[in-house]
Amino acid sequence: MTVPAGRPVTEDTIGGLRARLDGARSGGQRVGLVPTMGFLHAGHQSLIERARSENDLVVVSIFVNPLQFNPGEDFDDYPRDLDHDVELCAQAGADIVFAPDQHEMYPEPVITTVRLGSLAGVLCGASRPGHFDGVATVVAKLFSIVGECSAYFGEKDFQQLTIVSRMARDLSLPVRVVGCPTVREPDGLALSSRNAYLSSDERAQAPALRRALEAGAALVEAGEPDGAVVESRMAAVISDAPLARIDYAAAVSPATLTRSEQPLQGDVRLLVAVRFGKARLIDNLGCRTG
Ligand code: AMP
């Protein structure tokens, strides 16, 4: 089955999507999947374009997954605009937009979930308990629905990318997980659907995340051996933004997401999470000890 170029087909049932993809694969087509929560921007489009360049059929899923939000988080307020999302998917070359409603994804109360080990309790998992179990559960469901494919995830959500890659290996899922670079505004702020929450003052201060990461990376690359010094430097840069409330600033091993052995050695991942008013922003940067 060949899906014509142009406006993507919108599919909202699991059975309908499976039928299309099984047909495509039996005709020898390679399937690319880009899982999202919608309210798309150029960061999401970069994933779709990468999938387009490596596959014959590109599916973008749009689903705001209730399992990954804790009580009191922004599930109800999370921005949604399906018509605009379909436009952006068309521009970036998607063939199918899979936009199921909650009942289609979770027709019954969920009693079976993915429970993650060590990677999920640190960093964002420490301040959002259960969040990554919810992410992993919906991603496992999407992988099961879509079947054999390459799936594209942003490095912007580095902990999520690490966890999803590991889950695919641990569960022998027939999915190649591909990490893609972070797309940023000209002033360094990583694109995020949650940037829509920022007031103009908060928006003006939000590039502090990127500046903190760059300051931390400069220290690491200059040979600073002590991770705590790097973390303090990043926290200090963020504190220069008066509206910022820091959640964490961490220098970790990219494989384990835990504090690197002292002294810092080899590849180091720097990650920050900062609240500006209602928005909780995250960003990260890889570097190597000098
Ligand atoms: P979300 O809709 O926020 O769940 O994100 C869907 C996917 O897009 C995830 O794999 C994110 O890591 C990725 N993504 C979000 N923001 C960016 C960005 N600025 N650059 C690249 N990928 C991104």
Side-chain angles (χ1 to χ4, degrees), residues 32-54 58-70 73-75 77-82 84-86 88-89 91-92 94 97-100 105 123-124 128 131-143 146 149-168 175-198 203 206-207 209-210 213 254 257 269 271-274 279-286:
L33 169 67
V34 180
T36 81
M37 296 205 301
F39 211 66
L40 302 184
H41 50 62
H44 300 108
Q45 285 185 300
S46 73
L47 272 51
I48 301 169
E49 286 160 5
R50 174 82 179 270
R52 174 78 283 156
S53 72
E54 296 181 359
V58 175
V59 185
V60 179
S61 66
I62 296 179
F63 181 63
V64 184
N65 171 38
L67 294 190
Q68 69 190 70
F69 290 80
N70 283 308
E73 290 189 344
D74 56 345
F75 175 72
D77 298 340
Y78 197 84
R80 294 161 169 91
D81 187 347
L82 184 58
H84 189 237
D85 287 346
V86 173
L88 294 188
C89 287
Q91 282 171 19
V97 174
F98 177 53
M105 286 295 270
L123 302 171
C124 287
R128 304 184 70 191
H131 165 69
F132 286 113
D133 287 357
V135 170
T137 300
V138 79
V139 171
K141 243 176 117 68
L142 288 168
F143 286 1
V146 169
C149 67
S150 297
Y152 298 81
F153 289 84
E155 281 181 8
K156 145 102 174 14
D157 299 276
F158 188 79
Q159 188 172 10
Q160 171 175 281
L161 169 62
T162 307
I163 284 171
V164 167
S165 305
R166 181 62 188 270
M167 177 183 75
V175 176
R176 181 177 72 105
V177 175
V178 182
C180 304
T182 302
V183 176
R184 300 173 179 284
E185 300 281 7
D187 63 5
L189 177 64
L191 298 189
S192 165
S193 309
R194 289 190 167 99
N195 291 351
Y197 297 148
L198 296 169
R203 171 65 189 82
L209 278 83
R210 173 68 178 179
L213 293 168
L257 301 182
R269 200 80 193 182
L271 302 100
V272 295
V274 180
R280 182 177 179 281
L281 305 183
I282 58 174
D283 201 351
N284 68 89
L285 188 63

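Counting convention: from 1, in listed order, for ligands and their atoms alike. All values below were derived from every heavy atom in this structure, side-chain atoms included, with hydrogens, water molecules and symmetry-related copies excluded.
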In chain order, what residues pass the ring pair (Phe, Tyr, Trp, His ring centres under 6.0 Å) check against Phe63, with sequence neighbours excluded?
-> Tyr106

Using ring pair (Phe, Tyr, Trp, His ring centres under 6.0 Å) as the criterion, list what pairs up with His41, not counting sequence neighbours.
->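 Scan of His41 (ring pair (Phe, Tyr, Trp, His ring centres under 6.0 Å), adjacent residues dropped) gives His44.
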
After noting the C-alpha distance and the side-chain angles of Asp74 and Tyr197, does the key distance pass the side-chain hydrogen bond (donor to acceptor under 3.5 Å, both in side chains) rule?
-> CA-CA 10 Å; Asp74 56 345; Tyr197 297 148; 2.8 Å; yes

Lys/Arg-Asp/Glu bridge criterion (N-O < 4.0 Å) met for Glu155, Arg269 =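 A salt bridge links Glu155 with Arg269.
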
What residues come within 4.0 Å of ligand 1, counting heavy atoms only?
->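 Within 4.0 Å of ligand 1, protein side: Pro35, Thr36, Met37, His41, Gly43, His44, Leu47, Tyr78, Phe153, Gly154, Lys156, Asp157, Gln160, Pro181, Thr182, Val183, Leu191.
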
Who are the side chain to side chain contact (heavy atoms under 4.5 Å, CB included) partners of Asn70, not counting sequence neighbours?
->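 For Asn70, the residues satisfying side chain to side chain contact (heavy atoms under 4.5 Å, CB included) (neighbours in sequence not counted) are Glu73, Arg128, Pro129.
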
Identify the two heavy atoms, one from Ala190 and one from Asn195, that lie closest to each other, and give their separation to 0.1 Å.
-> O-ND2, 3.0 Å

